[in-house]
Structure formats: C-alpha cells, structure tokens
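These notes are about the structure you will find just below.
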Amino acid sequence: MSKVNLLNFNRENLAACLVEWGEPAYRGTQLLQWIHQKGVFDFDAMSNLSKPLREKLKEKSEINFLDIVLDQLSHDGTRKWLFRLSEGNCIETVFIPEDSRGTLCVSSQVGCAVNCTFCSTGKQGFSRDLTVAEIIGQVLLASRLLLPQKKAITNVVMMGMGEPLLNFNNVVQTLDILLDDYAYGLSKRRVTVSTSGIIPKMIELKKRSPVALAVSLHAPNDELRNVLVPVNRKYPLSELMSVCSDYFKEEPRRAVMMEYVMLDDINDSDLHAKQLIQLLKNKAVKVNLIPFNPFPKTTYHCSPMEKIKKFQKKLMDSDIMTTIRRTRGEDIEGACGQLVGKVEPKNKKIKNKNNDDIK
Ligand code: SAH
Ligand code: SF4
C-alpha cells in the first residue's frame with residue numbers, strides 16, 4: 001500500500017484524513033504544526049501524539065520532500081534552488097532578501113502553457129501541474145535552508161514557473177497552508193498570486209482566498225496583448241479590467257498590482273503610456289514596471305532605463321501609483337521570466353497542454 005504524503009494536505013484535509021483513520025480532527029492541527037511550524041519530520045519526535053498514533057502515521061504516511069539539485073547564491077544575496085521532482089523534471093524557487101522583508105518566489109507548474117512571447121518558462125512548453133506537496137514543499141525547504149543565514153520568509157509570491165490559476169485546486173490549498181496560523185501564518189497582504197488573466201479562475205480565487213493579486217498586463221491594447229500574452233484572445237482587456245477594478249471592492253485600500261514588462265520599441269512608447277493611462281485611470285490598481293530579463297534566443301530587448309523612468313513619470317503624473325521593479329539575481333538567472341528548470345542534461349522539451357481555460 002502506498003503511503004500518503006502529508007505535505008499534500010491543508011488543515012481541513014489533514015483533519016479529514018485523521019478522522020478516516022479513527023482519530024479526532026484536532027490531531028490534524030497538531031500534525032500541521034509539527035510539520036510546517038516546528039519543522040519536525042520524525043513522527044517519534046511529535047511528543048503530543050499518542051504512541052499508537054505515531055505508529056499508525058509511520059505505517060500509513062510519509063513526509064516526502066523535493067530533492068535539492070542546485071543551491072545558488074547571487075552576489076546581491078538572492079538565492080535560487082533547483083528542486084528535482086520524482087519523475088526527474090526540475091523546478092526553480094528564488095529567495096529575494098531586502099532590508100525589511102524576505103520574499104520567496106514559488107513555482108506552481110512545470111513549464112507553462114500560456115506561452116507568453118517574452119517569457120522563457122512559456123517558451124519551454126507545459127509538462128504538468130505541481131502537487132500541493134511540491135508547491136508548499138518549496139516553502140518548507142527554503143525556510144529550513146535559510147535558517148543558518150538567519151533569514152525568514154515574510155512574503156510569498158506565486159511568480160515562479162507556471163500559471164498558478166491553471167493549477168487552481170492545488171494552489172488554493174497551498175494558500176490555505178501559507179495563511180494558516182498553525183502553519184506559516186502569513187498575512188493575506190504578504191501572499192500574492194500572479195496571473196496572466198484567466199478570468200473565470202480570478203473570480204473563483206476572489207471567493208476562495210483573500211490573498212493579494214497581481215496581473216500580467218504587459219500591453220495597453222488588445223492587438224498588442226494578443227501577441228505578448230496570447231491568452232488575451234480568450235480573455236480580452238475589457239473583461240480583464242472589469243474583474244480587476246472590482247476585485248477588492250469590499251476593501252477600498254487594496255489594489256490589484258498590474259505587471260508591465262518593459263520591452264524596447266514594443267510596448268514602451270508615449271502612445272502606449274497614454275493608452276495605459278486611459279485603461280487604468282481611476283481604477284483600484286497600481287503598476288509595477290518590470291525591466292525585461294533577456295534569455296537565450298529571445299529577440300526582445302529591455303527598454304533603456306531613461307525610457308522606463310519617463311514611462312513611470314507619465315503614469316505617476318496621471319495619479320497612477322507606479323513602481324519600477326529592481327532586477328535581482330540576474331547572475332544566477334533567478335530573475336523574472338528566466339526560470340526554466342534548467343539542469344544538465346537539459347530537461348526534455350515538453351509539449352503544450354491541451355487546456356480548456358486557455359484555448
Ligand atoms: N504565470 C504568472 C506568474 C509567473 S510569471 C504570470 O504570468 O503572471 C511572473 C512575472 O514575470 C509575470 O508578470 C511575467 O509576465 C513576468 N515575466 C515573464 N518573463 C519575463 C521576462 N523575461 N522578463 C521580465 N519579466 C518577465
Ligand atoms: Fe506562463 Fe506567466 Fe510565463 Fe506567461 S509570463 S508564459 S503565464 S509563466
């Protein structure tokens with residue numbers, strides 16, 4: 001009989017599993033605490049569990065981690081791990097330390113089916129969804145591996161490989177564990193899901209989890225967005241904007257983060273800025289301009305910094321809160337869109353997924 005991996009469960013599912021094994025539901029909370037809060041993985045060390053329960057856990061379950069293939073430290077303190085999954089594919093996780101916080105950028109799929117033209121993960125194609133254990137496992141492992149550096153994870157962003165909302169069920173259960181006071185206890189403002197704009201799933205997410213939302217906008221009109229973010233053909237800008245403007249309606253001080261990658265002579269002209277202002281003005285959004293991170297074989301270039309600053313100023317002059325993302329970890333290919341799960345010998349090229357949400 002194969003053992004269940006306890007990392008796959010949020011509190012509710014752990015409780016249900018224990019009840020099925022004839023135990024009271026609160027044992028689930030105790031287990032969640034041991035694993036995620038205390039980092040104890042040896043059942044015999046779980047001192048508030050009865051001896052028979054510990055034996056039962058050993059017999060029926062396991063705490064199964066990802067394998068660490070690479071652990072790289074950038075000169076700017078950014079740390080990147082390459083984790084190997086059971087079938088041999090690899091995923092990447094990046095930790096970005098700043099003065100007052102430490103952000104972990106987590107992957108949700110192996111590859112990505114959305115196929116944005118400026119993203120190396122997209123170029124790689126799609127292989128499969130990550131399980132809850134594989135997504136939360138990145139947080140669990142990173143938090144343990146950061147202990148010697150005395151660094152803590154204060155923020156988690158689903159901005160690694162993959163489109164989180166196309167792995168909805170596993171992602172929302174992972175969010176539960178991140179927010180759970182008996183696990184990581186992160187506040188809803190410190191956990192962000194970034195999406196290319198899978199509208200039905202955005203609406204579901206709003207009902208299911210109170211986390212922060214970032215949207216990969218990247219273009220101010222449908223014609224250009226159809227090219228850069230092909231899922232726009234299915235979920236066009238007018239519909240996307242209507243979901244975004246209402247997203248935090250009940251919380252007037254929260255805003256959706258619009259991500260806009262700066263591509264030289266593609267989406268960074270004065271006209272693009274003007275169109276963007278028109279699209280976003282008086283909406284509950286803020287903008288994050290992302291300098292494009294190049295990768296092999298791309299034909300795009302990053303806009304020069306003066307152009308990015310000029311673009312920012314135009315938006316700010318129209319009262320749209322706009323920041324420029326500082327690129328981190330470039331020397332270890334840990335920056336946005338550079339994550340490809342690269343390992344020698346290289347991952348096999350994987351084919352695109354047939355997924356109804358993006359067709
Ligand atoms: N699939 C999700 C989350 C992962 S991508 C999404 O698209 O939102 C995280 C962010 O990095 C997105 O805003 C994405 O558009 C951006 N990105 C992708 N490739 C990039 C690149 N080469 N340079 C800079 N940003 C990039
Ligand atoms: Fe997928 Fe996001 Fe990359 Fe687009 S930008 S291909 S949605 S990971």
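First listed ligand is number 1; within each ligand, the first listed atom is number 1.
At a 3.5 angstrom cut-off on N or O pairs, Phe118 counts as close to ligand 1. Residue Ser216 has at least one nitrogen or oxygen atom sitting less than 3.5 Å from a nitrogen or oxygen atom of ligand 1, judged on distance alone. Taking any N or O of Val261, backbone or side chain, none lies under 3.5 Å from an N or O belonging to ligand 1. Between Glu259 and ligand 1, a contact under 3.5 Å exists for at least one N or O pair.
For Thr117 and Tyr300, the side-chain atoms include at least one donor-acceptor pair closer than 3.5 Å. Side-chain contact, Ser108 with Glu163: no donor N or O sits under 3.5 Å from an acceptor N or O. No hydrogens or angles considered: a donor-acceptor pair under 3.5 Å links the side chains of Glu87 and Asn89. The closest side-chain donor-acceptor pair between Thr131 and Asn170, if any, does not fall under 3.5 angstrom.
Under a 4.0 Å criterion applied to the non-hydrogen atoms of Gly122, ligand 2 contributes the atoms 6 (S). Near Gly162, meaning under 4.0 Å from one of its heavy atoms, ligand 1 places the atoms 1 (N), 2 (C), 3 (C), 4 (C). Near Ser196, with a cut-off below 4.0 Å to any heavy atom, the atoms of ligand 2 are 7 (S). Close approach of ligand 1 to Ser194 is summarised as follows: ligand atoms under 4.0 Å from at least one heavy atom of the residue are 2 (C), 3 (C), 6 (C), 8 (O). Near Gly160, the atoms of ligand 1 lying under 4.0 angstrom from a non-hydrogen atom of the residue are 4 (C). The atoms of ligand 1 that sit less than 4.0 Å from any heavy atom of Cys119 are 18 (C), 19 (N). The atoms of ligand 2 that sit less than 4.0 Å from any heavy atom of Asn115 are 6 (S).
Closest heavy-atom approach to atom 15 (O) of ligand 1 among the candidates Glu163, His218, Met158: His218. Among Gly162, Ser107, Cys116, the residue whose heavy atom sits closest to atom 6 (S) of ligand 2 is Cys116.
For Thr195 (side chain) and Gly197 (main-chain N/O), a donor-acceptor pair under 3.5 Å exists by modelled atom type. The backbone N or O of Asn226 lies less than 3.5 Å from a partner atom in the side chain of Arg233, making a donor-acceptor pair.
For the pair Asn115/Phe126, no side-chain contact is recorded, criterion being any heavy-atom separation below 4.5 Å from C-beta on.
Contacts of Pro291 with ligand 1, taken as heavy-atom pairs under 4.0 Å, involve the backbone alone. Under 4.0 Å from ligand 2, not a single heavy atom of Val229 appears. Under 4.0 angstrom from ligand 1, the non-hydrogen atoms of Ile290 all belong to its side chain. With a 4.0 Å heavy-atom cut-off, ligand 1 is reached by the backbone of Thr195 but not by any atom from C-beta on.
Within the 4.0 Å heavy-atom shell around ligand 1 one does not find Cys105. The shortest heavy-atom distance from Pro294 to ligand 1 is not under 4.0 Å.
Residues Met257 and Met262 are members of separate hydrophobic clusters, defined by side-chain heavy-atom contacts under 4.5 angstrom among Ile, Leu, Val, Met, Phe, Trp and Tyr. Cluster annotation: Leu276 is not connected to Val227 through the hydrophobic network of ILVMFWY side chains, with a link wherever side-chain heavy atoms come within less than 4.5 Å. Put simply, Val211 and Ile203 are part of the same group of oily side chains (I, L, V, M, F, W, Y) that touch within less than 4.5 Å, one to the next.
Using a 4.0 Å cut-off between charged side-chain N and carboxylate O, Lys309 and Glu306 make no salt bridge. A salt bridge links Lys188 to Glu251: one of the charged nitrogens lies within less than 4.0 Å of a carboxylate oxygen. Here Arg54 does not pair with Asp42 in a salt bridge; the nearest charged N to carboxylate O distance is not below 4.0 Å.
Here the protein heavy atom with the shortest distance to atom 1 (Fe) of ligand 2 is Cys112 SG, 2.3 Å. Nearest protein heavy-atom neighbour of atom 3 (Fe) of ligand 2: Cys119 SG, 2.4 Å.
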